[in-house]
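For reference, the structure discussed in these notes is given below.
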Amino acid sequence: MNLEQILRAAVEQSFTALYGQCPDNLQIQPTNQEFEGSHTLVCFPLTKISRKGPEETARLIGDHLVLNSVIVNRFNVVKGFLNLVLNDSVWLSVFTSILKNKSFGRLPRNDNEIMVEYSSPNTNKPLHLGHLRNNFLGYSVSQIYDAIGYKVHKVQIINDRGIHICKSMAAWELYGHGETPESSGIKGDHLVGKYYVLFNTHFTREVAALLQTGLTEKEAEKQSPIMQRAVTLLIQWEQADATVLKLWKTMNGWVYHGFNATYKRMGVDFEKLYYESETYLLGKEEVLRGVENGTFFKKDDGSVWVDLTTDGLDQKVLLRSDGTSVYMTQDIGTAILRFRDFPKITGQIYTVGNEQEYHFKVLFLILKKLGFEWASRCYHLSYGMVDLPTGRMKSREGTVVDADDLMQEMVEEAEKQTRELGKIEGWADAETIPLFEMIGLGALKFFLLKVDPKKKMLFDPNESIQLQGFTGPFIQYTHARIRAIVRKAAQMGVQTNRDFTGIVTALEPAERECLQVICQYESKLLEAAREYSPAVIANYVYELAKSYNKFYQNIPIFNESDPAKLSFRVAFSTIVADTIRNAMSILGIAVPDKM
RNA sequence: GGUCCGAUAGCUCAACUGGAUAGAGCAUCAGAUUUCUAAUCUGAGGGUUCGGGGUUCGAUUCCCUGUCGGAUCACCA
């Protein structure tokens, strides 16, 4: 039982003793800074049962608690708010139990399994800033569920087939001169992306030329030789033409190789990859089954549709008139396949941008209509676009921020700043290189995760790497400072592994305050899981770091003459550092011991 | 036009299922401390929570309505 549960039980007992019954949704919240106390009971809702005014109700409960409960020391009443001051002995025993609990911050394993999909890029160009938010979010949500005891399956769907990859293939065939990642020294995904861009340049040029000859825009686009080549490639691919398949495999292979390097630097991973080329046929089967049992219908031209007008949505195409599948078709197949592969999962989380909200609404509805009861347990973790101070990212205008470039710039900036501060002089490269990586990526991840996922956000690279304020590096530094204290204490031979109940009699206000923040960690994890929001954790860990800084500022640890208090404060610092490290690992961010 | 989402300090963001005088950081100004890592701490100024109604002990939060911004409504993915 944690502190809040103990307190809740005590209040329930008192209220029941006074009035014979007690509502089960007692509102206990942290006390505002300006009042004395740590926990506050909101008494307005209780007046219906107590049949007294809010203030009197609060006073009576407070009196009863002080007399009958061992944990409440004193109280004060402001309007209908009952502010409770707990005994320091309670705080100390809570502290000791956290200190001894090796798995603090990780809830016990349970039988739940959940699947998280994230990343899921197209294979025709490298990852960009938007993918960074996607990956960090998906990874972090996986970590959150892992921490509350779930078994998590991280997956992604790779859109490896379709016209987009054929465009890169066409351009490479025509203008590539056999260029490979090895021959050019260009990372595979960037190389394929280069030909995708090249396709568009030539396509635009060809269309412009054809327009001169008097064709309409539509005709010109159709007759463009490079576009015709791409379409041919797509048809040949579907016919399993050996040479086309070989080229397709080769170029996709380059992309995967490049992506893997990017994922590795990001610090994300996957248990299983699904490929569109392997799931779209199952989707097609299911759609045809749906036609047979009347869930879907066929139009005269042979295309298959679902009618969702009674659900307030539109009609949606599921198979083209030529029988080929669309995006929705393969998503149906993928979802079914996943629940077959992992029958124990209680649900599935799709980390995909908010521009696809409609798509997922339709997808889940279709799955429900097909009779899959798990459809209601699919959740679209939707997130907003990432803007830059320089303006919006537009692939057409070439203002897309490449993920690899950005990570590299962040790390370089981290190095520059750290060197300027001069604290790492004389360090070996083996120490500094991982440190720059930690700071640069920590800054990036923290900044992208601290904002509520569903909101669109502004990414300011310069602000993100600052060592002051609501940033990753600030928290990393706080952690490093605490570690320095703990190291020094260890050199002095201070013992920290002990029970402080009864040895230490009183707490400083800053200690009590900080301890209170630590106690909130597990409930924050649950809240983060409920909301699918790493931002909850980011806000929390920032609050914790600030809270410790106040403590650190007010209490000179090594000036303490009482050895019990000295070891208590060092142990206390250890717990804060551990909690910071735990919370940051939920965000996928490493924290250094020295910086 | 239909649907969904957003709007909070100069800027970037918080505010737990409706709770106290709406909070942080940055920026501005004024101080402390020169250490156990100052990459710190304290204080000040800065608000009609987009406008207008409603629900109640109490609304940034819920309902209605208007304004603005974004997304989406493809035989694209």
Side-chain angles (χ1 to χ4, degrees), chain A residues 25 27 29-35 40 42-45 47 53-54 78-81 83 120-122 124 159 161-164 276 299 301-305 312-314 316-328 330-331 353-359 361-362 382 384-385 387 389 392 417-418 421 423 447 450-452 454-460 462-464 466-471 473-474 476-478 480-489 520 523-524 526-527 530-531 535-536 538-540 542-543 546 549-550 552-559 569-570 573 594-595:
Chain A
N25 57 338
Q27 289 184 50
Q29 53 187 341
T31 303
N32 268 21
Q33 288 293 334
E34 56 209 293
F35 304 113
T40 294
V42 184
C43 295
F44 297 99
T47 54
V78 181
K79 296 188 200 167
F81 298 93
N83 302 322
S120 303
N122 288 336
N124 63 332
N159 302 304
R161 59 157 227 123
I163 191 72
H164 57 273
E276 185 189 339
K299 283 193 179 172
D301 61 3
S303 56
V304 175
W305 295 74
L313 303 172
D314 301 308
K316 193 87 187 170
V317 69
L318 299 177
L319 285 178
R320 295 192 188 96
S321 49
D322 62 5
T324 56
S325 65
V326 293
Y327 181 43
M328 188 65 75
Q330 64 95 1
D331 260 2
N354 62 7
E355 69 274 9
Q356 293 196 34
E357 267 167 17
Y358 186 76
H359 171 79
K361 202 182 264 183
V362 172
S382 166
M385 200 135 21
D387 286 336
R392 269 189 65 176
Q417 272 197 29
T418 311
L421 284 162
K423 293 197 181 183
F447 204 92
K450 73 177 185 176
V451 181
D452 183 352
K454 68 169 178 277
K455 290 191 179 177
K456 72 173 195 270
M457 66 171 295
L458 189 76
F459 174 65
D460 186 338
N462 180 46
E463 188 185 330
S464 77
Q466 292 304 314
L467 299 137
Q468 296 185 24
F470 189 7
T471 67
F474 167 75
Q476 288 172 321
Y477 178 64
T478 303
R481 259 169 46 223
I482 300 174
R483 285 288 169 224
I485 291 168
V486 175
R487 274 196 301 274
K488 179 170 175 179
Q520 290 166 4
S523 70
K524 288 286 175 184
L526 290 169
E527 188 189 333
R530 201 172 53 236
E531 314 260 325
V536 171
N539 279 283
Y540 170 78
Y542 175 57
E543 198 186 325
K546 270 201 307 183
N549 276 331
K550 273 185 205 168
Y552 170 85
Q553 183 71 22
N554 295 330
I555 301 170
I557 295 173
F558 292 106
N559 291 0
R569 280 173 190 160
V570 174
S573 299
K594 279 165 66 181
M595 69 185 275

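All chains are named by letter (A, B, ...) in the order of the sequence lines, taking the proteins before the strands, and each is independently numbered beginning at 1.
An anti base is found at B:rC50: its glycosidic angle is more than 90° from 0.
Nearest nucleotide to the A:H164 side chain, out of B:rA20, B:rA77, B:rC13: B:rA77. In the set B:rG25, B:rA77, B:rC5, B:rA77 carries the atom at the smallest distance from any side-chain atom of A:N159. Out of B:rC16, B:rU40, B:rA14, the shortest distance to the side chain of A:E527 is found at B:rC16. In this structure, of B:rA77, B:rU3, B:rU37, it is B:rU3 that holds the atom nearest to the side chain of A:K361. Which of B:rU12, B:rG19, B:rU72 sits closest to the side chain of A:Q27 comes down to B:rG19. Taking the side chain of A:E355 as heavy atoms from C-beta on, and the options B:rA71, B:rA20, B:rU40, the nearest nucleotide is B:rA71. Set against B:rU37, B:rA14, B:rG69, the side chain of A:K456 has B:rG69 as its closest nucleotide. In the set B:rA77, B:rC36, B:rU12, the nucleotide with an atom closest to the side chain of A:Y552 is B:rC36. Looking at the side chain of A:F81, the nearest of the listed nucleotides B:rU40, B:rC36, B:rA20 is B:rA20. Side-chain proximity of A:K79 to B:rA39, B:rU21, B:rC36: nearest is B:rU21.
A:M457 comes within 4.0 angstrom of sugar-phosphate atoms only, judged by non-hydrogen atoms across all strands, and of no base. Within 4.0 Å (heavy atoms only), A:F558 reaches at least one base atom of the nucleic acid. Counting non-hydrogen atoms under 4.0 angstrom, A:F474 reaches the backbone sugars and phosphates but no base. Within 4.0 Å of A:A480, counting heavy atoms only, lies at least one base atom of the nucleic acid. Heavy atoms of A:N83 sit under 4.0 angstrom from at least one base atom. Counting non-hydrogen atoms under 4.0 angstrom, A:K423 reaches a base of the nucleic acid. As judged by a 4.0 angstrom heavy-atom cut-off over every strand, A:V78 is placed among the base-contacting residues. Residue A:V317 is in sugar-phosphate contact alone, with no base atom involved, counting any heavy-atom pair closer than 4.0 Å across all strands shown. Contact annotation for A:Y477: base contact, defined as any heavy-atom pair under 4.0 Å involving a base atom. As judged by a 4.0 angstrom heavy-atom cut-off over every strand, A:P45 is placed among the base-contacting residues. At a threshold of 4.0 angstrom between heavy atoms, the contacts of A:L421 include nucleobase atoms, whether or not backbone atoms are also involved. A:N354 comes within contact range of the sugar-phosphate backbone alone, with a heavy-atom separation under 4.0 Å but no base atom that close. Nucleic acid contact for A:K524: none, since no nucleic acid atom lies under 4.0 Å from a heavy atom of the residue. Residue contacts shown for A:D322 are absent, as no nucleic acid heavy atom lies under 4.0 Å away.
For B:rC62 and B:rU17, the P atoms lie 10 Å apart once the distance is rounded to whole Å. Distance check on atom P: B:rA7 versus B:rC16 gives 13 Å, rounded to whole Å. Nucleotides B:rG23 and B:rU48 have their P atoms positioned 15 Å apart, rounded to a whole Å. The separation of B:rG70 from B:rA27, taken at their P atoms, amounts to 30 Å, rounded to a whole angstrom. Annotation: B:rU8 and B:rA15 have their C1' atoms spaced 10 Å apart (nearest Å). Comparing the same atom, P, in B:rC73 and in B:rG47 gives a spacing of 42 Å after rounding to whole Å. Between B:rU40 and B:rG52, the two C1' atoms lie 47 Å apart (nearest whole Å). The separation of B:rU21 from B:rA59, taken at their C1' atoms, amounts to 16 Å, rounded to a whole angstrom.
Base pairing analysis places B:rG18 opposite nothing; no Watson-Crick or G-U wobble pair with both distances below 3.5 Å involves it. Of the nucleotides present, B:rU12 is the one that pairs with B:rA24 by Watson-Crick or G-U wobble criteria, both distances under 3.5 Å. When Watson-Crick and G-U wobble pairs are counted only if both distances are under 3.5 Å, B:rU67 pairs with B:rA7. B:rG31 is paired with B:rC41 under the Watson-Crick or G-U wobble criterion, all donor-acceptor distances under 3.5 Å. In this structure, B:rU61 forms no base pair with any nucleotide, since neither Watson-Crick nor G-U wobble geometry is met with both distances under 3.5 Å. Both distances falling under 3.5 Å, in either a Watson-Crick or a G-U wobble arrangement, occur for no nucleotide opposite B:rG47.
At distances below 3.5 Å, at least one donor-acceptor pair connects side-chain atoms of A:T471 with backbone N or O atoms of A:Q466. Here the side chain of A:R320 pairs a donor or acceptor atom with the backbone of A:S325 at under 3.5 angstrom.
The distance between atom CD of A:Q468 and atom C1' of B:rA24, rounded to the nearest whole Å, is 14 Å. The separation between A:N559 atom CG and B:rU34 atom P is 12 Å, rounded to whole Å. One atom, CG of A:L318, and another, P of B:rC76, lie 13 Å apart when rounded to the nearest Å. B:rA14 atom C1' lies 10 Å from atom NZ of A:K450, rounded to whole Å.
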**Message:** Assess the residue pair A:Y358 and A:L313 against the criterion (side chain to side chain contact (heavy atoms under 4.5 Å, CB included)); give the C-alpha distance rounded to whole Å, side-chain angles, the decisive distance to 0.1 Å, and a yes or no.
**Reply:** CA-CA 9 Å; A:Y358 186 76; A:L313 303 172; 3.6 Å; yes
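Looking at A:H359 and A:D331, their side chains do bring a donor and an acceptor atom within 3.5 Å of each other.
Between A:P473 and A:N539, the residue anchored closer to the 5' end of RNA chain B is A:N539, taking for each the nucleotide with the nearest heavy atom. Of the residues near RNA chain B, A:A484 and A:K454, the one whose nearest nucleotide (by heavy atom distance) lies more toward the 5' end is A:K454.
Between A:P54 and A:C43, the shortest heavy-atom contact is O-CB, 4.0 Å.
For the pair A:K450 and A:Y542, the cation-pi criterion (under 6.0 Å, within 45° of the ring axis) is not fulfilled.
Between the side chain of A:Q29 and the base of B:rC16 there is at least one donor-acceptor pair of N/O atoms closer than 3.5 Å. Judged by distance alone, with hydrogens and angles left aside, A:T40 brings a side-chain donor or acceptor within reach of the base of B:rA20, the pair sitting under 3.5 Å.
For the side chain to side chain contact (heavy atoms under 4.5 Å, CB included) with A:W305, the qualifying choice from A:V317, A:L318, A:L319 is A:V317, the only one to do so.
Two rings, from A:F447 and A:F470, have their centers 6.0 Å or more apart.
Lacking a ring centre under 5.5 Å from that of the base six-membered ring together with a plane angle below 30°, A:F470 does not count as stacked on B:rA24. The aromatic ring of A:F44 stacks onto the base of B:rG19, its centre lying under 5.5 Å from the centre of the six-membered base ring with the two planes under 30° apart.
Within the 4.5 Å cutoff, the side chain of A:N549 has heavy atoms near those of the A:R481 side chain.
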